[in-house]
Amino acid sequence: MNQNLIENRVNVKKWYLGIQTIFKHVQVSNNWSKQEAWDKLEIELIYAVGEGQLIPDDLDWVRGLLLNGKIPTTEEALRVSQRYSDSTPLIDALAKLS
């Protein structure tokens, strides 16, 4: 997610709904429970960012978004976007499972 999108709460919401939709698609198309889909995605996220490079708080944040329906704030989305400014690990990880 680029910085221009994050600055707008509407676009953060669209991004959130998009990742929710993709996660649900991954879950249904693979006939996985929500937890199974998360377990697979967590592994792919670690690979996408690099072993030891993924910050545990970011992993918890994504888990909250996808498993608990936590709505991201603009500030949270900006923080994560800045941290991973040269990559899209969540999208990449979801794509590998699709």
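A distance of 10.0 Å separates CG of L66 from CD1 of I22, quoted to the nearest 0.5 Å. Interatomic distance, CG of L65 versus CD1 of I19, reported as 5.0 Å (0.5 Å rounding).
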- Message: Please evaluate residues F23 and V28 with respect to the criterion side-chain contact (heavy atoms from CB on, under 4.5 Å), reporting the C-alpha separation (whole Å), side-chain torsions for both, the decisive distance (0.1 Å), and the verdict.
- Response: CA-CA 9 Å; F23 184 71; V28 170; over 6 Å; no
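When side chains are defined from C-beta on, I71 counts as touching K13, because their heavy atoms get closer than 4.5 Å. The closest side-chain heavy-atom distance from W32 to L97 is below 4.5 Å. You'll find the side chain of W61 stays beyond 4.5 Å of the side chain of I55, heavy atoms only. Under the 4.5 Å side-chain criterion, counting only non-hydrogen atoms from C-beta, L90 is in contact with W15. Between N30 and V26 the shortest side-chain heavy-atom distance falls below 4.5 Å. In this structure, the side chains of V80 and Y84 come closer than 4.5 Å at one or more pairs of heavy atoms.
Of all heavy-atom pairs spanning W38 and L59, the tightest one is CH2-O, 3.8 Å. Of all heavy-atom pairs between G69 and Q20, the closest is CA-NE2, 4.4 Å. Between H25 and S98, the closest heavy-atom pair is CD2-OG, 4.3 Å.
Around atom CG of N68, more than 12 heavy atoms belonging to other residues, nucleotides or ligands sit under 6.0 Å away.
Grouping Ile, Leu, Val, Met, Phe, Trp and Tyr residues whose side-chain heavy atoms lie under 4.5 Å apart, directly or via other members, places Y47 in a hydrophobic cluster with I43.
The salt bridge (charged side-chain N to carboxylate O under 4.0 Å, His left out) pairs that include a residue from residues 81-98 are D58-R83, where partners are two or more places apart or lie in different chains. For residues 29-42, every residue pair satisfying the salt bridge (charged side-chain N to carboxylate O under 4.0 Å, His left out) rule, not counting sequence neighbours, is listed here: E42-R63.
Using a 4.0 Å cut-off between charged nitrogen and carboxylate oxygen, K70 and E76 count as a salt-bridge pair.
Hydrophobic clustering, with ILVMFWY side chains joined whenever heavy atoms are under 4.5 angstrom apart, groups L17 together with I91.
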